[in-house]
Amino acid sequence: MTGIGPAPILFNEFFQMFTRCVPPNGWPVNSKIAVGNSGGPDSTCLLFLLKQLLTDLRSKAMARQSIPTSVVSLSVNHNFQQNSQLMAARSAANAAAMGIEHLTLDIPWGIPPFSAKPVAGQPMEKLGREARYHVIFDEMARTGAHSVAFGHHADDQVETSLMRLARGTTELGAGGMRRCRRWGMGTGDVEGGLGWVGHHGLDRWIIRPLLDVRKDRILATCEEHQLDYVNDPTNFQPEITLRNAIRQMLTLQEEGKDMSALSGLPQHISGSLDKIKIAAADLQETTMDLEGGLHQLHGAVKVLSSRLEDVDNEVTFHLKNLTLPSPPSTLILSSHALPDVVDPTVRLAFVLRVMRYVSFHPWGSLRADGNRRKSSVQRIIDTLWQSDGAPPFTAGGGVLWQPVIFNAKRRLRVGTQCLGRRLLPGERFAWMASRLPAVPYHMLDTAKLSSKLDADITERLAIAISRGDDSLEVLFDCRFLVRFDLSQIPETLVGALQKYQETGVNVRIKPHTKYYWPKVVLQKPSYPDTTYAALMENGQIDTFGYSSWVTMEYIRLLDAT
């Protein structure tokens, strides 16, 4: 008697999965969702289920909640292998059969910001991923897609967890991929560079509805609905990537086969497999037995993923209770309530969330988290939780930590002036997290600053005005979104911009105050700077007698995702 095979995914079941992926503020009205479509079984299954679900919901009067109204299929052709064209063709054919708009995106290797096409010996997986995400985001922006759905499933989640363990992640990182997360600002600092998306990435989402589903159920769904797909042969070559080697290792263990097939792997891959075994044995939250089979590993990773969600909620709760009124772009945390945060994992996540909020590195990047260096983050935790009298310090992430004395009715006392001081009635000790200064603030007008802090916007303004644009947006220091209402721009600036190439005048956004708030200045050769707009301590914009032609919004988020 043969056993019962894996069950296909039911539409009602997929509806529950999809519901768990809704962004925090819901779906925008009439939004579009993109699907990363490789032509393989995972993305083909996801595309089919998503199309059927949205069609079904739109046809029912009960569907009063806002849901995406259309789907676009996006296939990326890396041209890394001979069957790249075959996979791209299958992706397009599947989308057409389902009545879904489809776009094939060829990566233009060698055309900036893309590097030359990688060859053997180069990190093809990393370069391919960066290029793939770049073209997908660009196409999302062009087509108006609010989110992109990927077909990652429970087996992928196990592989991702183990890969992160090989890189020395914390138990939070071992929880794997999130069902729903913001795209983020990207991985680069150079505007227009590969991996950089800027503030637009804070309004775009990545969702993974199939994370709780094993691969065998995806294959069963494809079989049930007679969905055609292709398999990428490189996914089964363990010598190419660590993920492939992990997949092969788990398959051999699942089938009870000898591990000799993994002998002869490149040193960096075999060394990572050894690190995984050691790190998995040291986990505190759950038991991760690499020889216990995929079923046990699924359960272990699910425990870690659930723990990650619990920690996120707990950190959000503590931030609401601990945050005091703070100057723009800073965060002041009450010291007396910090001991209420006892769990070491919650403390770690708490500190990382604060760092990401005030850092000048791209939101969502590892650098904004101080590269998650354990020793550095632990130093922050030890100082914040054990002392009110420590001097100002930094421990990575572009964040300065300073002691403050807070009084709701008086100005803040910040830094070394707080050391050794007794509290007066109405005062309390606190910690302030703020941007790490590049130079002392009294030198800001004379020091040589990077283009990130001394942003020349002359040409951008001049072009926008000549085109008759209504507005211009500039991201300053990865922290502030400066918006210019060009219908209200002062006439003196318009006149200066019309002749900037002959006269040498320029308009710049520069930092002022110790918190590096933005100001807009006009520079003329041999003349002092003229300030036309500046962010003030009360959060208002001083336009120095001109109409309200500029807004300056701090756009970094305290959200977990």
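On a predicted model such as this, the values are computed, not experimentally measured, just so you know.
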**Request:** Determine, for Lys32 against Glu101, whether the closest basic-nitrogen to carboxylate-oxygen distance falls under 4.0 angstrom.
**Result:** yes
**Asked** Any side-chain heavy atom of Leu172 sitting closer than 4.5 Å to one from Glu285?
**Response** no
Identify all side-chain donor-acceptor contacts of residues 520-534 below 3.5 Å with residues at least two apart in sequence or on another chain.
residue : atom : partner : partner atom : Å
Gln523  : NE2  : Asp529  : OD2          : 3.4
Tyr532  : OH   : Thr492  : OG1          : 2.9

**Request:** Kindly compute the distance separating CD (Glu130) from CH2 (Trp196), expressed to the nearest 0.5 Å.
**Result:** 14.5 Å
**Message:** Keeping Ser376 on the side-chain end and Gly396 on the backbone end, is there a donor-acceptor pair under 3.5 Å?
**Reply:** no
**Test: Arg356 cationic atom under 6.0 Å from Trp363 six-membered ring centre, within 45° of axis** = yes
**Request:** Mind checking side chain to side chain contact (heavy atoms under 4.5 Å, CB included) for Ala433 and listing every partner two or more places apart, or none if nothing turns up?
**Result:** Val354, Val358, Val399, Trp401
**Asked** Would you call Arg483 and Glu553 a salt bridge, taking side-chain N to carboxylate O under 4.0 Å as the test?
**Response** yes
**Fill in**
Tightest non-hydrogen contact, residues Leu74 and Ala34, listed as CD1-CB, 3.8 Å
**Prompt:** About how many Å separate OG of Ser365 and CE of Met185, when rounded to the nearest 0.5 Å?
**Reply:** 9.0 Å
**Item:** Validation row: Met177, Arg208 side chains within 4.5 angstrom (heavy atoms)
**Value:** yes
**Asked** Atom CG of Asp156 and atom CE of Met163: how far apart are they, to the nearest 0.5 Å?
**Response** 10.5 Å
**Prompt:** Arg353 and side chain to side chain donor-acceptor pair (under 3.5 Å): which partner among Asp559, Thr316, Asp369?
**Reply:** Thr316
**Prompt:** Is it true that the NZ or CZ of Arg556 lies under 6.0 Å from the centre of Tyr554's six-membered ring and within 45 degrees of the ring axis?
**Reply:** no
**His134-Phe114 aromatic ring centre distance below 6.0 Å** = yes
**Asked** When you check the side-chain N and O atoms of His336 and Ser334, is any donor under 3.5 Å from an acceptor?
**Response** yes
**Message:** Please identify which of these residues, Asn313, Val315, Asn321, meets the side chain to side chain contact (heavy atoms under 4.5 Å, CB included) condition with Phe317.
**Reply:** Asn321
**Fill in**
Between Leu497 and Ile465 the two heavy atoms that sit nearest each other are CD1-CD1, 3.6 Å
**Request:** Just jot down the side chain to side chain contact (heavy atoms under 4.5 Å, CB included) partners of Asp382, sequence neighbours excluded, or say none.
**Result:** Gln378, Gln386
**Message:** Which heavy atom of Gln540 sits nearest to which heavy atom of Asn538, and what is that distance?
**Reply:** N-OD1, 2.9 Å
**Message:** Tell me whether the NZ or CZ atom of Arg435 lies within the 45° cone about the ring axis of Phe360 and under 6.0 Å from its centre.
**Reply:** yes
